[in-house]
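The next block holds one structure in the form of structure tokens; read it before the comments.
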Amino acid sequence: MSAAPAEDVVRRWESEQQRLRLQLLDHDTESWQQNPDFSGLQRVGGVDLSFIKGDDVNACAQLVVLSFPDMELLYEDSRMVTLTAPYVAGFLAFRETPFLLEALQRLQENQPELLPQVVLVDGNGLFHDREFGLACHLGVLSGLPCVGVAKNLLQVQGVNKSQEHQSQIAALQKGGDSFPLTAASGKVLGKALRSSDKSVKPVYVSVGHKISLDTAVRLTHACCRYRVPEPIRQADCRSREYLRQHFPAADA
DNA sequence: GCGACAG
DNA sequence: ATCTTGTCGC
């Protein structure tokens, strides 16, 4: 039972995306981003929201900070939140960003020395209909470098699951291999990345804020033990674990 | 009616 | 996001 989103709300959201997009930086702004081995990078953040099965309003908002390059847990924050905005394709940020921002602000106030130097976000950045997905939204509002990593291909601006796309995937030989996701305009909006030797299905990486696409892809690969980069995977696992502990299933 | 639809 | 077990392979 999901009601169609009111169109005036969607129009407001579109103009908000357009306004915030003016502040987006799609190039490397940090010194560690230039180094071949990312020396100077010590903390990578990951964020996610997990839901209880029958409930799309109450969720666990999760922030983790991992060490780089070892991917060891430095900080963890799980918080039950009540969502207000519905999920509308293309407007995920309006549903999730407020709670991810709050988590970052709590960290800023309590242990600013643990603030991540870059955040990996579950979802798209510039690879988006209006080139302003969740990772861009969180990046601009937090001021932190952000990378969008989506587990599924969003079909935007002429990019789709064509035979050509499938064969490009088949041509990815090893972890770290990638190919560009090019819009009808010719602009490269993101890259499909084979994140590890073992996984065949790629992840879709795009710029969120304060990082270039090539650096974003390189960093994502450096954070992968499994298909999903460790900061996002940890945020996902730990928020689900939190729900299991605090809201045990009725049949368990 | 059918396919798409980040999470 | 969530609905969901076993199975094949290293």
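All values below come from the heavy atoms of this structure, side chains included, with hydrogens, waters and symmetry mates left out. Lettering of chains follows the sequences in order, A, B, ..., and the numbering in each one begins at 1.
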With a cut-off of 3.5 Å and sequence neighbours excluded, list every side-chain donor-acceptor pair involving residues 129-142 of chain A.
{"from": "A/Arg130", "atom 1": "NE", "to": "A/Gln17", "atom 2": "OE1", "distance (Å)": "2.7"}
{"from": "A/Arg130", "atom 1": "NH2", "to": "A/Gln17", "atom 2": "OE1", "distance (Å)": "3.4"}
{"from": "A/Arg130", "atom 1": "NH2", "to": "A/Gly90", "atom 2": "O", "distance (Å)": "3.1"}
{"from": "A/Glu131", "atom 1": "OE1", "to": "A/Arg21", "atom 2": "NH2", "distance (Å)": "3.4"}
{"from": "A/Glu131", "atom 1": "OE1", "to": "A/Lys187", "atom 2": "NZ", "distance (Å)": "2.8"}
{"from": "A/Glu131", "atom 1": "OE2", "to": "A/Gln157", "atom 2": "NE2", "distance (Å)": "3.4"}
{"from": "A/Ser142", "atom 1": "OG", "to": "A/Leu138", "atom 2": "O", "distance (Å)": "2.7"}
{"from": "A/Ser142", "atom 1": "OG", "to": "A/Gly139", "atom 2": "O", "distance (Å)": "3.4"}
{"from": "A/Ser142", "atom 1": "OG", "to": "A/Leu144", "atom 2": "N", "distance (Å)": "3.1"}

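Note on A/Gly148: nothing from the nucleic acid sits closer than 4.0 angstrom, heavy atoms only. Using a 4.0 Å heavy-atom criterion, one finds that A/Phe91 contacts the bases of the nucleic acid, with or without backbone contacts as well. Residue contacts shown for A/Asp122 are limited to sugar-phosphate atoms, with no base heavy atom under 4.0 Å away.
Proximity of residues 172-187 of chain A to DNA chain B (heavy atom under 4.0 angstrom from any strand atom) is not detected for any residue. A heavy atom lying under 4.0 Å from DNA chain B marks none of the residues of residues 213-221 of chain A. Across residues 188-210 of chain A, not one residue has a non-hydrogen atom less than 4.0 Å from an atom of DNA chain B.
Going from atom CG of A/Leu92 over to atom C1' of B/dA6 covers 6 Å, rounded to whole Å. Whole-Å rounding puts the A/Asn58 CG to C/dA1 P distance at 17 Å. Rounded to a whole Å, the CG atom of A/Leu120 is 15 Å from the C1' atom of B/dA6. B/dA6 atom P lies 13 Å from atom CZ of A/Arg130, rounded to whole Å. Residue A/Gln17 contributes atom CD, which lies 12 Å from atom C1' of B/dA6 at whole-angstrom precision.
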Heavy-atom protein contacts under 4.0 Å, nucleotides 2-8 of chain C, coded B base, S sugar-phosphate only, - none: SS-----
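A/Gln18 and A/Glu14 are not linked by any side-chain donor-acceptor pair at a separation below 3.5 angstrom, with hydrogens and angles left out of the test.
The backbone N or O of A/Leu25 lies less than 3.5 Å from a partner atom in the side chain of A/His209, making a donor-acceptor pair. A donor-acceptor pair is defined here as one N or O able to donate and one able to accept, closer than 3.5 Å; such a pair exists between the side chain of A/Lys210 and the backbone of A/Gly143. Panel note: side chain A/Asn160, backbone A/Ser162; a donor-acceptor pair is recorded below 3.5 Å. Using a distance-only test at 3.5 Å, with no hydrogens or angles considered, no donor-acceptor pair links the side chain of A/Asn124 to the main chain of A/His128. A donor-acceptor pair under 3.5 Å is formed between the side chain of A/Gln117 and the backbone N or O of A/Gly40. For A/Asp28 (side chain) and A/Ser212 (main-chain N/O), a donor-acceptor pair under 3.5 Å exists by modelled atom type.
The stretch residues 91-112 of chain A participates, sequence neighbours left out, in these side-chain hydrogen bond (donor to acceptor under 3.5 Å, both in side chains) pairs: A/Asp77-A/Arg106. Among residues at least two apart or in separate chains, side-chain hydrogen bond (donor to acceptor under 3.5 Å, both in side chains) pairs with a member in residues 218-230 of chain A are A/Glu230-A/Arg233, A/Glu230-A/Gln234. Screening residues 173-186 of chain A for side-chain hydrogen bond (donor to acceptor under 3.5 Å, both in side chains) gives A/Lys174-A/Asp177 as the qualifying pairs, with residues at least two apart or on separate chains.
Using C1' as the reference atom, B/dC5 and C/dT2 are 15 Å apart when rounded to the nearest Å.
The hydrophobic cluster containing A/Tyr204, built from Ile/Leu/Val/Met/Phe/Trp/Tyr side-chain heavy atoms closer than 4.5 Å, also comprises A/Phe127, A/Leu153, A/Leu154, A/Val156, A/Val159, A/Ile169, A/Leu172, A/Phe179, A/Leu181, A/Leu189.
An OP1 or OP2 oxygen of B/dG7 is reached within less than 4.0 angstrom by a side-chain nitrogen or oxygen of A/Lys151.
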So what is the 5' to 3' dot-bracket string for DNA chain B, if pairs are Watson-Crick or G-U wobble with both distances under 3.5 Å, crossing pairs use [ ] and | means the partner sits on another strand? .......
What would the secondary structure line of DNA chain C be in dot-bracket form, counting Watson-Crick and G-U wobble pairs under 3.5 Å, with [ ] for pairs that cross earlier ones and | for pairs with another strand? ..........
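Enclosure of atom CD in A/Gln155 by more than 12 non-hydrogen atoms of other residues, nucleotides or ligands within 6.0 angstrom is indicated. Crowding of A/Arg43 atom CZ: a count of heavy atoms from other residues, nucleotides or ligands under 6.0 Å exceeding 12. Atom CD of A/Glu113 is surrounded by more than 12 heavy atoms from other residues, nucleotides or ligands within 6.0 Å. Applying the 6.0 Å contact sphere to CD of A/Gln166 captures more than 12 heavy atoms from other residues, nucleotides or ligands.
A salt bridge links A/Asp122 to A/Lys151: at least one charged side-chain nitrogen sits closer than 4.0 Å to a carboxylate oxygen.
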Can you give me the N/O atom pairs linking the protein to nucleotides 2-5 of chain B at distances under 3.5 Å, or say none if there are none?
{"from": "B/dC5", "atom 1": "OP1", "to": "A/Gln155", "atom 2": "N", "distance (Å)": "2.9"}

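A/Val203 places a side-chain heavy atom less than 4.5 Å from the side chain of A/Val205. Side-chain contact between A/Leu49 and A/Leu83: present, with at least one pair of heavy atoms (C-beta onward) separated by less than 4.5 Å. With a 4.5 Å cut-off on side-chain heavy atoms, A/Val118 and A/Trp32 count as touching.
Ring geometry for A/Phe94 against A/Phe91 counts as tilted: the plane angle lies between 30° and 60°, on a 0 to 90° scale.
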